Student: 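Below is the structure I would like to discuss, written out as structure tokens.
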Amino acid sequence: FPVTITGSKVDLIELIYALQTSKAINAGTTDIKEIAISLGKMLNIEIEEGLYRAYLDIKSRKNQKTKFLNTLSENLNQKMIEEDN
């Protein structure tokens, strides 16, 4: 069955920028738009349109700029803590 993202488009865009910035995909040589198109196809969501606008929205957040990435990290850490107990 197809894999579909159930988080928001902005969450995925935050993840895409993090992957590109950290050079985790093709050693950072792949354009942000190419990553967005590829992951969008894989996750059955069109994210190319509005990609740059969403990034500006993420940058303008007041408290947590990387809200989704922080949540991912917290959830994974919590899972590991629970598994260790």
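Note that the structure is a prediction, hence the values are computed from the model and not measured. We're numbering straight along the sequence, starting at 1.
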Student: When rounded to the nearest 0.5 angstrom, what is the spacing between CD1 in Ile16 and NZ in Lys9?
Tutor: 10.5 Å
Student: Rest of the hydrophobic cluster containing Leu56 (Ile/Leu/Val/Met/Phe/Trp/Tyr, side-chain heavy atoms under 4.5 Å)?
Tutor: none
Student: Is it true that a side-chain atom of Ser73 and a backbone atom of Leu69 form a donor plus acceptor pair closer than 3.5 Å?
Tutor: no
Student: List for me each residue that meets salt bridge (Lys or Arg N to Asp or Glu O under 4.0 Å) alongside Lys62, sequence neighbours excluded, and say none if there are none.
Tutor: none
Student: Between Asp11 and Gly7, is there a donor-acceptor pair closer than 3.5 Å when you use the side chain of the first and the backbone of the second?
Tutor: no
Student: Tell me whether Asn85 at atom CG has more than 12 heavy atoms from other residues, nucleotides or ligands lying less than 6.0 Å away.
Tutor: yes
Student: Just distance, no hydrogens or angles: give the donor-acceptor pairs under 3.5 Å from side chains in residues 35-49, sequence neighbours left out.
Tutor:
{"from": "Ser38", "atom 1": "OG", "to": "Glu34", "atom 2": "O", "distance (Å)": "3.1"}
{"from": "Asn44", "atom 1": "ND2", "to": "Val3", "atom 2": "O", "distance (Å)": "2.9"}
{"from": "Glu46", "atom 1": "OE2", "to": "Glu48", "atom 2": "N", "distance (Å)": "2.8"}
{"from": "Glu46", "atom 1": "OE2", "to": "Glu49", "atom 2": "N", "distance (Å)": "3.2"}
{"from": "Glu48", "atom 1": "OE2", "to": "Lys33", "atom 2": "NZ", "distance (Å)": "3.3"}

Student: For Gln78 and Glu82, run side chain to side chain donor-acceptor pair (under 3.5 Å): C-alpha distance rounded to whole Å, both residues' side-chain angles, the deciding distance at 0.1 Å, then the answer.
Tutor: CA-CA 6 Å; Gln78 185 61 40; Glu82 289 170 3; 3.1 Å; yes
Student: With sequence neighbours excluded, what pairs up with Thr66 under the side-chain hydrogen bond (donor to acceptor under 3.5 Å, both in side chains) test?
Tutor: Asn70
Student: My understanding is that only residues two or more places apart in sequence, or in another chain, count here; which of them pass ring-ring contact (aromatic ring centres under 6.0 Å, His included) with Tyr55?
Tutor: Tyr17
Student: Measuring from Phe68:CZ to Ile13:CD1, what's the distance to the nearest 0.5 Å?
Tutor: 11.5 Å
Student: Taking only residues two or more places apart in sequence or in another chain, which ones pass salt bridge (Lys or Arg N to Asp or Glu O under 4.0 Å) with Glu83?
Tutor: Lys79
Student: With a 4.5 Å limit on heavy-atom distance, are the side chains of Asn75 and Thr71 in contact?
Tutor: yes
Student: So does Glu14 pair up with Arg61, basic N to acidic O under 4.0 Å?
Tutor: yes
Student: Measure from the side-chain N and O atoms of Ser60 to the backbone N and O of Asp57, and report whether any donor-acceptor pair falls under 3.5 Å.
Tutor: yes
Student: What distance separates Leu12 CG from Ile5 CD1, expressed to the nearest 0.5 Å?
Tutor: 4.0 Å
